Amino acid sequence: MRALVKKEAAPGGVELREMPVPQIGEDEVLLELIYGGLCRTDVSFVEWNAAAQATYRPNFPQIIGHEYLGRVIASGPGSDLPVGSRVVGSGHVVCGACPPCLAGRSMLCQRLKVLGLDVDGVFAERFVVPQRNVAIVPDEVPDTVAALAEPFAVGLHALKRGSVQSGMKVAVVGPGSVGLMTIAALGAERVSTTAIGTEADLHQLELASSMGVDEIRIVGRDTDQVAGTFDVVFETAGHASAVSLAVELVAPGGTVVCVGLPAHPVEINSGRLAMTEKSLVGARAHDISDWKNVPQMLAKATGLAAIDVKAVGLDELDHAIHLTATRQASKVLLAP
């Protein structure tokens with residue numbers, strides 16, 4: 001089978017190779033790749049920058065990629081997924097037995113490994129995942145929407161961390177791919193949302209508008225008027241200035257959910273947080289249990305149809321990275 005393999009702990013060095021089809025273990029399924037989603041974490045890993053070096057423990061050479069839509073080809077002992085099923089799922093390989101796993105916070109598993117980052121991933125014609133990671137996709141969900149399931153699950157988990165409820169006033173700061181997925185998740189829950197970005201984000205904000213957000217605001221132009229008015233603010237840009245803005249936008253007693261990953265530490269005035277009882281929480285990926293609801297929520301998230309998706313071949317990784325870096329697509333998918 002063909003697979004995208006990163007050769008060593010150095011920038012670049014990814015090539016399309018012929019690799020053996022992986023063996024299925026107990027409680028695992030063998031999937032045929034339909035689409036693999038490229039995210040900025042994958043780009044960071046390919047570049048082998050400081051963040052990737054500090055976070056992941058790969059065993060090179062290693063197949064990359066962790067977002068997937070696949071079709072079941074075969075099941076191992078203990079697995080009973082019907083052959084031919086379209087599935088989406090988590091890229092987390094977890095133990096299921098440590099305190100975080102047992103508490104429903106498997107993203108904090110003490111033995112967590114991430115497909116494509118710590119172990120062989122999904123940018124291959126065939127790949128293996130634990131059955132508990134995956135969920136069957138309803139027939140009415142198109143492939144290009146189903147392939148957005150992983151970042152969409154990140155958005156759904158962020159909503160849970162923010163304790164979002166109907167009737168709340170909510171803002172999303174940063175209309176990149178994660179921000180748009182969070183907006184789609186809010187739309188599926190029928191929550192009124194304001195999308196906030198910079199002048200450089202105008203195209204992405206237009207997409208947010210077509211996804212059904214109630215309001216668009218531009219940083220430095222018309223955000224001062226809504227400072228301190230939101231019940232929950234999601235920071236998805238991953239920049240220090242966005243975190244500071246989110247704290248200013250949230251109302252006293254409200255919650256800021258940090259989903260983005262700034263490259264550098266962010267300075268926060270904790271005294272002002274104390275005086276206003278604003279809460280600052282983090283949201284990392286998703287729990288394995290979240291996936292039982294993802295397919296049905298995908299079907300409800302009509303805004304996902306507006307996402308600017310481009311599909312390229314496994315042999316076009318450089319082009320895929322270019323499309324992602326230049327924001328010529330909100331999401332790039334790799335097809336075998």
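Small disclaimer: the values here were computed from a predicted structure and weren't measured.
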Could you tell me whether the side chain of I196 reaches within less than 4.5 Å of the side chain of L249, counting heavy atoms only? yes

Decide, yes or no, whether a salt bridge links K160 with D287 under the criterion of side-chain N to carboxylate O below 4.0 Å. no

Counting distance only, does the side-chain N/O of K331 pair as donor-acceptor with the main-chain N or O of P151 below 3.5 Å? no

Just checking, any donor-acceptor pair under 3.5 angstrom between side chains of T193 and D214? no

H239 and V243: CA distance, side-chain angles, deciding distance, side-chain contact (heavy atoms from CB on, under 4.5 Å) verdict: CA-CA 7 Å; H239 296 292; V243 178; over 6 Å; no

Given side chains that start at C-beta, do those of L280 and C258 come closer than 4.5 Å, heavy atoms only? yes

Test of understanding: clusters of I, L, V, M, F, W, Y form through side-chain heavy atoms closer than 4.5 Å, transitively. Do L273 and V250 belong to the same one? yes

Would you kindly say whether S79 and D27 are connected by a side-chain donor-acceptor distance under 3.5 Å? no

Taking only residues two or more places apart in sequence, or in another chain, which ones meet E8 in a salt bridge (charged side-chain N to carboxylate O under 4.0 Å, His left out)? none

Out of curiosity, I34 CD1 to L333 CG, how far, rounded to the nearest 0.5 Å? 11.5 Å

Could you grab the distance from atom OG of S106 to atom CG of D290, nearest 0.5 Å is fine? 7.5 Å

State plainly whether one hydrophobic cluster holds both V114 and V134, where clusters connect Ile, Leu, Val, Met, Phe, Trp and Tyr through side-chain heavy atoms under 4.5 angstrom apart. yes

Heavy-atom closest pair, residues V88 and A146: CG1-O, 3.3 Å

Determine, step by step, whether L31 and V128 satisfy the side-chain contact (heavy atoms from CB on, under 4.5 Å) criterion, reporting the C-alpha distance in whole Å, the side-chain angles of both residues, the deciding distance to 0.1 Å, and the verdict. CA-CA 6 Å; L31 304 181; V128 166; over 6 Å; no

For the pair E15 and K6, find out whether any cationic side-chain nitrogen is under 4.0 Å from an anionic carboxylate oxygen. no

Heavy-atom donor-acceptor pair, D42 side chain to L38 backbone, under 3.5 Å: no

Derivation of the side-chain contact (heavy atoms from CB on, under 4.5 Å) call for N133 and I288: CA-CA 6 Å; N133 282 38; I288 294 294; 3.9 Å; yes

Quick one, K310 and H319 - any side-chain contact, counting heavy atoms below 4.5 Å? no

Residue pair Q328 / H322, side-chain heavy-atom distance below 4.5 Å: yes

Side chains of Q131 and D80, donor plus acceptor under 3.5 Å: yes

Between the CD1 atom in I268 and the OG atom in S244, the distance rounded to the nearest 0.5 Å is 5.5 Å

For L205 and G197, the nearest pair of non-hydrogen atoms, with its separation, is CD2-N, 3.9 Å

Criterion side-chain contact (heavy atoms from CB on, under 4.5 Å) on I307 and M211, from CA distance to verdict: CA-CA 8 Å; I307 298 290; M211 293 171 68; 3.8 Å; yes

Determine whether a donor-acceptor pair (N or O, by modelled atom type, separation under 3.5 Å) exists between the side chain of D231 and the backbone of V170. no

Does A52 offer a backbone N or O that forms a donor-acceptor pair with the side chain of T55 under 3.5 Å? no

4.5 Å side-chain heavy-atom contact, E125 and L33: no

Is there a path of hydrophobic side-chain contacts, each under 4.5 Å between heavy atoms of I/L/V/M/F/W/Y residues, joining V256 to V259? no

What's the spacing between L186 CG and T194 OG1 if we round to 0.5 Å? 10.5 Å

For the rings on H92 and H66, is their centre-to-centre separation under 6.0 Å? no

Main-chain N/O of F60 paired to K7 side chain as donor or acceptor, under 3.5 Å: no

ILVMFWY clustering at 4.5 Å (side-chain atoms), partners of M275: none

Tell me if a side-chain donor or acceptor on E235 pairs with a main-chain N or O of G238 at a distance below 3.5 Å. yes

Side chain E277, main chain P252, donor-acceptor under 3.5 Å: no

May I ask you to check whether W48 and Y56 place their ring centers less than 6.0 Å from one another? no

Reported CG-to-CZ distance for the pair L334 and F123, which is rounded to 0.5 angstrom: 4.5 Å

Are V129 and L30 connected in a single hydrophobic cluster, I mean Ile/Leu/Val/Met/Phe/Trp/Tyr linked by side-chain heavy atoms less than 4.5 Å apart? no

Would you confirm whether S85, through its side chain, and V87, through its main-chain N or O, come within 3.5 Å as a donor-acceptor pair? no

L304 to A184 - nearest heavy-atom pair and separation: CD2-CB, 3.6 Å

What pairs meet the side-chain hydrogen bond (donor to acceptor under 3.5 Å, both in side chains) rule with one or both residues in residues 202-213, with sequence neighbours excluded? Q204-S330

Say whether V178 and L245 are linked into one hydrophobic cluster, either directly or through other cluster members, by side-chain heavy-atom distances under 4.5 angstrom. no

Mind checking what makes side-chain hydrogen bond (donor to acceptor under 3.5 Å, both in side chains) contact with D308, not counting sequence neighbours? none

Mind checking ring pair (Phe, Tyr, Trp, His ring centres under 6.0 Å) for F234 and listing every partner two or more places apart, or none if nothing turns up? none

Is any NZ, NE, NH1 or NH2 atom of the basic residue among E32 and R86 found under 4.0 Å from an Asp or Glu carboxylate oxygen of the other? no

Does the side chain of V29 reach to within under 4.5 Å of the side chain of I73, using non-hydrogen atoms? no

Compare every heavy atom of S90 with every heavy atom of L115, then report the nearest pair and how far apart it is. CD1-O, 4.4 Å

Looking at E47 and R40, does any basic side-chain N land under 4.0 Å from a carboxylate oxygen? no

Test side chain to side chain contact (heavy atoms under 4.5 Å, CB included), reference L4, set I63, V122, D315, V14, output is V14

Identify the two heavy atoms, one from M168 and one from V191, that lie closest to each other, and give their separation to 0.1 Å. O-CG1, 4.1 Å

Check side-chain hydrogen bond (donor to acceptor under 3.5 Å, both in side chains) between T324 and all other residues, then give those that pass, not counting sequence neighbours. none

Any side-chain heavy-atom pair from V173 and T236 closer than 4.5 angstrom? no

Measure from the side-chain N and O atoms of R217 to the backbone N and O of D222, and report whether any donor-acceptor pair falls under 3.5 Å. yes

Please confirm whether F127 and Y68 have ring centers closer than 6.0 angstrom. yes

Whether the side chain of E26 engages the backbone of E28 through a donor-acceptor N/O pair (distance < 3.5 Å, no angle test) should be reported. no

Is the number of heavy atoms from other residues, nucleotides or ligands within 6.0 Å of CZ (R2) greater than 12? yes

If you compare all heavy atoms of E189 against all heavy atoms of L159, which two are closest, and at what distance to 0.1 Å? CG-CD2, 3.8 Å

